[in-house]
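Please read the structure below before turning to the comments.
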Amino acid sequence: MAKTPEASRPVAKAASKREGFSSRKVFLLAAIGSAVGLGNIWRFPYVTYENGGGAFILPYIVALLTAGLPILFFDYAIGHRGRASSPLSFRRLNRGTEFIGWWHVGINAVIAVYYAAIIAWSLRYTIFSFNQAWGDNPKAFFYGEFLHLGTPQLSFDFVPGILIPMAIVWGVLLVVMALGVQKGVGAANIIFMPLLVIMFLGLVIFSLTLPGAMNGVNALFTPDWSALGNGSVWVAAYGQIFFSLSVGFGIMVTYASYLKPKTDLTGSGAVVGFANSGFELLAGIGVFAALGFMAQAAGTSIDQVVTGGIGLAFIAFPTIISQAGAAGALIGVLFFGSLLFAGFTSLISILEVLIACVQDKFALSRVPATIAVTVPLAIVSLLFMPTISGLYVLDILDNFVNIFGILAVALVGIVAVAYLVRALPVLSAHINRYSSIKMGKTWFVLLAIVTPLVLGYNLFISTFGDKGVAVTPYGGYPAEMLNVFGWGMVIALPIIAVIISLMPWSKDSRAAEQPPAPPIHGGKEDHHHLDASVKGN
């Protein structure tokens, strides 16, 4: 790159002040901590069972290799090259793509609002495991005494039993995030990820000793090869990969920006991808071993007790704990403790996307940026989630943000970068500079052709398929709730993203300086001048 007077002075100074992970090991723990979340534990086992059992592993691996890892490398390249938050990293590709980064920010803000509630539930249920507070009917307890669930309508009647643990969760998050990238985010993952692995390994090993455990494991992994001819099975495999790897909505862009310049990006990405998948397989074994025990104790078949999501975590597992006798408390602490740590490390990564962009946009130091992000989110979260309609709001937000947030923004981002900015060759060159696995034409084909087709098809089916949200009102919820928390959010996020992208950056922000990597115009690096939108806005 040809140096200019502007390029030689402030860049090194700005780069030296920016926080970063102290080592590749810390980054890997943080990235794996983000990827390994609630979906690994309560979504993957159910999706696998419903889509061919052991045969599902084949499309799952294909999806990981043809879409999951290519998008992960894509995110790494953008963040590592831009050395900034998601909006600024995309801006440093081309000014026209900045809105994608702000769309990422909006999605993460929405997820943070309801994700904290599930972590708070996990905290309460970890404590409940000691005395089995749910009694003889975990379902009635969860929806009744615990959530005080009312009719599907917006209500602000608070449930103190949820409000208090949520406040604790947000308080801990505020402290962790204020400590910074290395002392907060990195240190938290250094502590929580080993604990998560140890606890879940303990759960798996103990579950396998229960009567009927192997019946459950056999039910999960017995292959139904005919399922491979069903297109919906392949759609489910790609969907699971998109949602479980934390790709496509800014997290890995942000984390990669904290890596040192000479980093093996693809080698690191491969470790994260396969570690995430390994944990999902481990979760499948542990969960279905426990469900096998539950089925035998109830004198019924596996298919009568299999469930996923919130039902698995807060209804099925309390039932298993109650049936396990003296060992129930141990199972409960291991399972709900795993949910707690998995959710917490994921929420840390979600908040980091927001804090990083506020630091860049307004040139704020770490603590003010953390307060500016965490306090408003905590207030919104504490207003909506610990209410008698909180579960309904959570369900609607989660469904719509997954479909029209994560899938849509990933599709738009890849198409814009690949075809409008034509930046894949530049990103490939950046990745290949120090990486052990080189990206070439195969990566271009997978990222620019295969992935958009798969994302587009998933988005279409989720919207206009037999059970698509545009065909059948999701969950049978009232139109006003769907319009506010579902369609309203879908429409608002990209509009707000575009508006913010048009707003000027702080003169003291790194955006006003020469970017670490030159902007791209027509697929080529511009070595001769600063992008006027970055230099003078």
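- A distance of 7.5 Å separates CG in N432 from OG1 in T266, rounded to the nearest 0.5 Å.
- Between the S34 side chain and the S346 main chain, no donor and acceptor come within less than 3.5 Å of each other.
- Heavy atoms from other residues, nucleotides or ligands lying under 6.0 Å from NZ of K25 number 12 at most.
- Here the shortest heavy-atom pairing between Q323 and A297 reads OE1-CB, 3.6 Å.
- With hydrogens and angles disregarded, a donor-acceptor distance shorter than 3.5 Å links the side chain of N40 to the backbone of G37.
- Rounding to the nearest 0.5 Å places CD1 of I350 at 11.5 Å from OG1 of T254.
- The backbone N or O of N189 sits nowhere less than 3.5 Å from a side-chain atom of T345 that would complete a donor-acceptor pair.
- Between Y255 and F27, the two ring planes are perpendicular [angle over 60°; tilted spans 30° to 60°].
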Next on the checklist: Run V62 and Y238 through side chain to side chain contact (heavy atoms under 4.5 Å, CB included) and show every step you take.
Outcome noted: CA-CA 9 Å; V62 171; Y238 279 92; 3.8 Å; yes
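- Judged purely by atom type and a 3.5 angstrom limit, R81 uses its side chain to pair as donor or acceptor with the backbone of R92.
- With a 4.5 Å cut-off on side-chain heavy atoms, I111 and V401 count as touching.
- Within the 4.5 Å cutoff, no side-chain heavy atoms of I431 are placed close to those of Y76.
- Between V305 and A295, the shortest heavy-atom distance links the atoms CG2-CB, 3.9 Å.
- Formation of a donor-acceptor pair under 3.5 Å by the T263 side chain with backbone atoms of L259 is not found in this model.
- We find the CG-CG distance between L174 and L179 to be 9.5 Å, quoted to the nearest 0.5 Å.
- With contacts defined as side-chain heavy-atom distances shorter than 4.5 Å, the pair L394/V113 does not qualify.
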Checklist entry - Could you walk me through whether L397 and V393 pass the side chain to side chain contact (heavy atoms under 4.5 Å, CB included) check? => result CA-CA 6 Å; L397 287 173; V393 175; 3.7 Å; yes
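- The aromatic rings of F44 and F56 are tilted relative to each other, their planes meeting at an angle between 30° and 60°.
- The CZ atom of F249 lies 9.0 Å from the NE2 atom of H104; values are rounded to the nearest 0.5 Å.
- Here the side chains of F243 and L407 are in contact, with some heavy-atom distance below 4.5 Å.
- V47 places none of its side-chain heavy atoms less than 4.5 Å from the side chain of E50.
- The heavy-atom pair separating Y258 from E19 by the smallest distance is CD2-O, 3.2 Å.
- Here T48 contributes atom OG1 and Y60 contributes atom OH; the two are 8.0 Å apart, rounded to the nearest 0.5 Å.
- At a threshold of 4.5 Å between non-hydrogen side-chain atoms, the residues L339 and F335 count as touching.
- In this structure, a donor-acceptor pair under 3.5 Å is present between the side chains of W170 and S381.
- When the options F146, F141, F314, Y125 are evaluated for a ring pair (Phe, Tyr, Trp, His ring centres under 6.0 Å) with W134, the one that passes is Y125.
- Proximity of L382 to F158: side-chain heavy atoms (C-beta onward) are nowhere separated by under 4.5 Å.
- Between the side chain of R124 and the backbone N or O of G161, at least one donor-acceptor pair lies under 3.5 Å.
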Next on the checklist: Is there a side chain to side chain contact (heavy atoms under 4.5 Å, CB included) between L351 and V176? Walk through the geometry before answering.
Outcome noted: CA-CA 11 Å; L351 291 177; V176 170; over 6 Å; no
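- No side-chain donor-acceptor contact under 3.5 Å links D395 to the backbone of L391.
- Partner of F142 under the ring pair (Phe, Tyr, Trp, His ring centres under 6.0 Å) criterion, chosen from F317, W121, F128: W121.
- The shortest heavy-atom contact between T307 and A316 is CG2-CB, 4.0 Å.
- In this structure, the side chains of L173 and L347 come closer than 4.5 Å at one or more pairs of heavy atoms.
- For the residue pair Q240 / E280, a side-chain donor-acceptor distance below 3.5 Å is found, with atom types taken as modelled.
- In this structure, F485 has its ring center no closer than 6.0 Å to that of F400.
- A donor-acceptor pair is defined here as one N or O able to donate and one able to accept, closer than 3.5 Å; such a pair exists between the side chain of D360 and the backbone of S85.
- Considering CH2 of W102 and CD1 of I496, their distance stands at 12.0 Å, rounded to 0.5 Å.
- Side-chain atoms of T451 come within 3.5 Å of backbone atoms of L446 as a donor-acceptor pair (strictly under, hydrogens ignored).
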Item to check | Chi angles and distances behind the ring-ring contact (aromatic ring centres under 6.0 Å, His included) call for F279, F200 | outcome: CA-CA 9 Å; F279 189 90; F200 210 81; 5.1 Å; yes
Item to check | Steps toward side chain to side chain contact (heavy atoms under 4.5 Å, CB included) verdict (I285, F221) | outcome: CA-CA 9 Å; I285 295 171; F221 289 112; 3.6 Å; yes
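- A donor-acceptor contact shorter than 3.5 Å is absent between the side chain of H80 and the backbone of A77.
- In this structure, a donor-acceptor pair under 3.5 Å is present between the side chains of E98 and W505.
- Under the salt bridge (Lys or Arg N to Asp or Glu O under 4.0 Å) criterion, E352 pairs with R366, not counting sequence neighbours.
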